[in-house]
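Report on one structure; see the data block that follows.
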Amino acid sequence: RSGSTSADSPFVDLGITGRKAYYLQGNRTDTDLATSDLSIDISEDLTLSFISGYVHQVQQYALDFYDGRTGATLSNPIPPVQGFPHGGFTVVNDGKHEQFTQEIKLNGTLFNGLVDFVGGGYYINEKNHTDFADVFTLGSGVPLLLADRLLYNKTEAYAGYLQADFHVTEQLTLTAGVRYTDETKTVRVTDNRASCNDGTVEANCLVNENLIAPSNKVIPTELETKKWTPRFAIDFKASDNVMLFASATRGFKSGGWNARSTAPNAFQPFGPETVWSYEAGVKSDLFDRRLRANITAFYVDVSDLQTPAGLVGPTGAITFITRNFASLENKGIEAEFTYMPTDRMSLYLNVGLQDAKYKIDRNAPDEDEYGIQSVAAQQRACQEALAAGLIPSGPGAATCGAGIVNAKGELSKPTRTPKVTLAVGASYEQPIGQNGMTLVPSVNLSYRSSQEVAASNFSIYSGSITGANGSFPSNPFSGEFITGSYSGEAWFVNASLALNGPEQKWQLALECTNCFNETAGNTSLANGYYLDPPMRWMVRARHNF
């Protein structure tokens with residue numbers, strides 16, 4: 001059932017608290033946004049800007065993320081596929097989110113154009129109040145209320161930045177910049193369940209005082225990050241039509257908590273990740289600006305990547321959490337070509353090649369300070385299980401096909417990093433009559449090679465298999481793909497036909513995306529396969545006042 005709310009919602013009988021207990025399947029989001037950009041010309045060469053933003057958002061949903069079919073029985077599901085009243089794995093959520101940002105920026109020119117600069121300060125204050133519950137339905141159809149809690153989290157950050165472009169000669173420009181960020185995050189969780197509000201607090205209640213890791217280390221409820229992030233670049237204008245460039249930039253993404261955990265000891269923190277990104281290439285306009293060719297080589301080195309990985313519990317069960325388990329290296333080339341054979345026709349071709357892989361510390365302790373197993377230890381355990389003849393996903397082999405260790409005991413391929421991407425397209429502007437109207441047909445084709453869409457790269461294939469831990473009706477190694485992480489190569493076609501009025505005053509357009517209804521997966525959760533959007537048609541009308 002879908003809609004907004006109902007007194008006989010299937011979640012009412014589960015003891016879920018608050019108005020979210022009355023939700024029906026669906027997602028409702030209201031967003032209020034106010035922005036302001038005030039600029040003052042202090043002088044001919046200096047501009048002071050005040051940039052303000054405020055966002056208030058309410059998000060209410062009851063979404064079923066998993067239909068309840070287990071991967072091992074998808075070829076012949078038992079019981080037959082049917083809808084459960086409470087869904088397979090459903091999250092009911094009532095969230096209020098508020099954010100204020102303020103930036104003060106000064107940019108200008110110094111020394112008669114020798115130096116262009118921009119500098120300023122930035123502040124953000126974000127508050128979130130999330131009331132949410134998780135419901136899991138067993139194969140027998142019995143629903144379990146895994147958790148029902150209120151989460152309060154706040155982010156406050158200050159930053160200052162300065163960047164300058166030094167025009168050494170008419171051909172050569174050097175750039176140097178730096179940003180300093182001081183960010184603090186805090187979190188507080190309270191359990192809505194009646195048993196946690198009867199004067200006693202059981203060990204399984206999701207409250208701050210119970211946030212203790214498996215190693216008995218207290219989980220911090222405040223995280224602070226202070227980072228310097230510099231940037232360096234060089235541009236050289238080899239001719240009027242060709243520019244060479246190179247840059248090195250450091251960035252970071254702050255840490256947080258596994259706030260959707262359903263057990264206090266899984267409310268694990270994860271730290272910030274940092275990245276050095278290097279680029280070098282050429283930008284050019286050739287043949288009287290008929291051909292534009294831009295080619296960029298890149299290398300990305302990420303430290304402490306925030307990676308979904310596996311927590312192996314005493315029973316062998318896996319809980320997926322986000323931790324700084326690995327680093328990441330990615331390198332490749334991007335090339336963009338635009339060609340105009342006539343003033344009315346435009347053609348383009350974009351090509352991308354990349355090679356991404358995880359890197360781990362082979363000398364890391366088997367467990368970190370919070371008692372979480374390292375990837376190196378998990379990989380060794382998986383390889384031992386495989387050597388003993390155990391089948392991944394079966395008893396005793398939970399370390400295989402989990403986290404970033406695949407079913408073969410190897411490090412997984414990073415998600416959504418196809419080795420080859422390609423986009424090619426064309427448009428043509430055809431005048432209609434003498435009043436300036438035009439008809440513009442366009443088409444573009446995009447291609448990507450095969451990719452993995454789940455961190456563990458775990459998929460199931462046709463063909464039964466037998467191991468030391470039993471017989472299984474599907475194969476986690478090879479065969480005909482059924483469902484899971486693997487997403488094969490795919491072509492997508494998009495097209496449009498636009499009618500433009502005189503002087504572009506109005507436009508009427510007919511568009512299609514994924515015009516031939518190509519089916520491809522873009523993510524996977526517990527072997528549930530989530531598809532890219534299907535074929536869609538749209539008619540748009542626009543008038544410029």
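Heads up: numbering here begins at 1 and tracks the sequence.
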Legend entry - Pair Gln60-Arg28, side-chain donor/acceptor within less than 3.5 Å: yes
Inset, instruction - State whether a side-chain donor-acceptor pair under 3.5 Å links Gln102 with Tyr54. - result: no
Legend entry - Parallel, tilted or perpendicular: ring planes of Phe89 versus Phe136, cut at 30 and 60 degrees: tilted
Legend entry - Side-chain donor/acceptor of Thr415 to backbone N/O of Ala455, under 3.5 Å: no
Inset, instruction - Report the distance from atom CD of Glu224 to atom OG1 of Thr184, rounding to the nearest 0.5 Å. - result: 4.0 Å
Legend entry - Polar contact flag, side-chain donor to acceptor under 3.5 angstrom, Asn330-Gln354: yes
Inset, instruction - Classify the side-chain pair Asn128/Thr130 by whether it contains a donor and acceptor separated by less than 3.5 Å. - result: no
Legend entry - Heavy-atom closest contact (Gln379 atom, Glu410 atom, distance): NE2-CA, 3.8 Å
Inset, instruction - Please examine the side chains of Thr31 and Val58, heavy atoms only from C-beta on, and report whether any two atoms are closer than 4.5 Å. - result: no
Legend entry - Whether His86 side chain and Pro10 backbone form a donor-acceptor pair below 3.5 Å: yes
Inset, instruction - For the residue pair Ser485 and Phe458, establish whether any side-chain heavy-atom pair is separated by less than 4.5 Å. - result: no
Legend entry - Candidate pair Leu328 and Val300, rule side chain to side chain contact (heavy atoms under 4.5 Å, CB included), full reasoning: CA-CA 8 Å; Leu328 175 81; Val300 177; 5.7 Å; no
Inset, instruction - Enter the distance from Lys185:NZ to Glu126:CD here, rounded to the nearest 0.5 Å. - result: 8.0 Å
Legend entry - Backbone N/O of Glu480 and side chain of Ser462: donor-acceptor pair under 3.5 Å: yes
Inset, instruction - Would you check if the distance from the ring center of Tyr123 to the ring center of Tyr158 is below 6.0 Å? - result: yes
Legend entry - Donor-acceptor contact below 3.5 Å, side chain Ser449 vs main chain Lys419: yes
Legend entry - Within-4.5 Å side-chain heavy-atom neighbours: Trp276 and Thr249: no
Legend entry - pair Tyr529-Ser487: side-chain heavy atoms closer than 4.5 Å: yes
Inset, instruction - Give a yes or no answer on whether the side chain of Thr181 reaches the backbone of Ala159 with a donor-acceptor pair at less than 3.5 Å. - result: no
Legend entry - Matching residue for Asp532 among Asn514, Thr523, Thr519, Asn522 - test: side chain to side chain donor-acceptor pair (under 3.5 Å): Asn522
Inset, instruction - Using the six-membered ring of Phe232, assess whether NZ or CZ of Arg250 lies under 6.0 Å from its centre and within 45 degrees of the ring axis. - result: no
Inset, instruction - Nearest 0.5 Å please: distance from the OG atom of Ser464 over to the CD1 atom of Ile391. - result: 10.5 Å
Legend entry - Glu369 bridged to Lys217 by N-O distance under 4.0 Å: yes
Legend entry - Ile16 backbone acceptor or donor facing Asn192 side chain under 3.5 Å: no
Inset, instruction - Rounded to the nearest 0.5 Å, what's the gap from CG on Asp304 to CZ on Phe252? Could you check? - result: 13.0 Å
Inset, instruction - Could you tell me whether the side chain of Arg448 and the main chain of Gly488 form a donor-acceptor pair under 3.5 Å? - result: yes
Inset, instruction - Check whether any side-chain heavy atom of Pro392 sits under 4.5 Å from a side-chain heavy atom of Pro476, and report yes or no. - result: yes
Legend entry - Contact check, side chains of Asn210 and Ile212, non-hydrogen atoms, under 4.5 Å: no
Legend entry - Residues Glu329 and Lys357 bridged, charged N to O under 4.0 Å: yes
Inset, instruction - For the residue pair Gln378 and Cys400, establish whether any side-chain heavy-atom pair is separated by less than 4.5 Å. - result: no
Legend entry - Donor-acceptor contact below 3.5 Å, side chain Asn197 vs main chain Arg193: yes
Legend entry - Shortest non-hydrogen separation from Pro214 to Gly371 and the atoms involved: CB-O, 4.4 Å
Legend entry - Under-4.0 Å salt bridge between Asp131 and Arg149: no
Legend entry - Considering all heavy atoms, the nearest Gly26-Leu63 contact: O-CD2, 3.7 Å
Legend entry - Trace of the side chain to side chain contact (heavy atoms under 4.5 Å, CB included) decision for Arg231 with Gln163: CA-CA 8 Å; Arg231 179 177 186 267; Gln163 178 172 298; 3.9 Å; yes
Legend entry - Nearest-0.5 Å distance, CG of residue Leu14 to OG1 of residue Thr17: 12.0 Å
Inset, instruction - Assess whether atom NZ of Lys127 is packed by more than 12 heavy atoms of other residues, nucleotides or ligands within 6.0 Å. - result: no
Inset, instruction - To the nearest 0.5 Å, tell me how far Phe325 CZ sits from Gln373 CD. - result: 8.0 Å
Legend entry - Main-chain N/O of Leu206 paired to Asp191 side chain as donor or acceptor, under 3.5 Å: yes
Legend entry - No-hydrogen, no-angle side-chain donor-acceptor test under 3.5 Å, Lys227 and Thr274: no
Inset, instruction - Output yes when Asp366 and Arg380 qualify as a salt bridge under the 4.0 Å nitrogen-oxygen rule, no when they do not. - result: yes
Legend entry - Worked verdict on Phe270 versus Thr307 for side chain to side chain contact (heavy atoms under 4.5 Å, CB included): CA-CA 9 Å; Phe270 52 89; Thr307 313; over 6 Å; no
Inset, instruction - Verify whether one side chain among Glu489 and Ser450 offers a donor that lies under 3.5 Å from an acceptor in the other. - result: no
Legend entry - Note, Tyr358 side chain near Lys413 side chain (heavy atom, < 4.5 Å): no
Legend entry - Non-hydrogen atoms of Val201 and Cys205 that approach each other most closely: CG1-CB, 3.9 Å
Inset, instruction - Scan side-chain atoms only and decide if Tyr299 and Glu279 contain a donor-acceptor pair under the 3.5 Å cut-off. - result: no
Inset, instruction - Cation-pi check, Arg260 to Phe267: give yes when NZ or CZ is under 6.0 Å from the six-membered ring centre and within 45° of the ring axis, no otherwise. - result: no
Inset, instruction - Using distance alone, with no hydrogens and no angle criterion, decide if Thr466 and Ser471 have a side-chain donor and acceptor under 3.5 Å apart. - result: yes
Inset, instruction - Verify whether one side chain among Thr155 and Asn153 offers a donor that lies under 3.5 Å from an acceptor in the other. - result: no
Legend entry - Whether Tyr461 and Phe481 hold their rings parallel, tilted or perpendicular, with breakpoints at 30° and 60°: perpendicular
Inset, instruction - State plainly whether the residues Lys331 and Asp355 are in salt-bridge range, i.e. N to O under 4.0 Å. - result: yes
Legend entry - Exam field: side chain Ser459 to backbone Tyr486, donor-acceptor pair closer than 3.5 Å: yes
Inset, instruction - Would you name the heavy atoms of Trp257 and Pro220 that are closest together and state the gap between them? - result: NE1-O, 2.8 Å
Legend entry - Donor on one side chain, acceptor on other, Gln306 and Thr322, under 3.5 Å: no
Inset, instruction - Work out which heavy atom in Leu390 is nearest to a heavy atom in Gly396; give both atom names and the distance. - result: CD1-O, 3.4 Å
Inset, instruction - Would you check, one step at a time, whether the test side chain to side chain contact (heavy atoms under 4.5 Å, CB included) holds for Arg323 with Tyr370? - result: CA-CA 11 Å; Arg323 296 282 291 163; Tyr370 293 99; 3.7 Å; yes
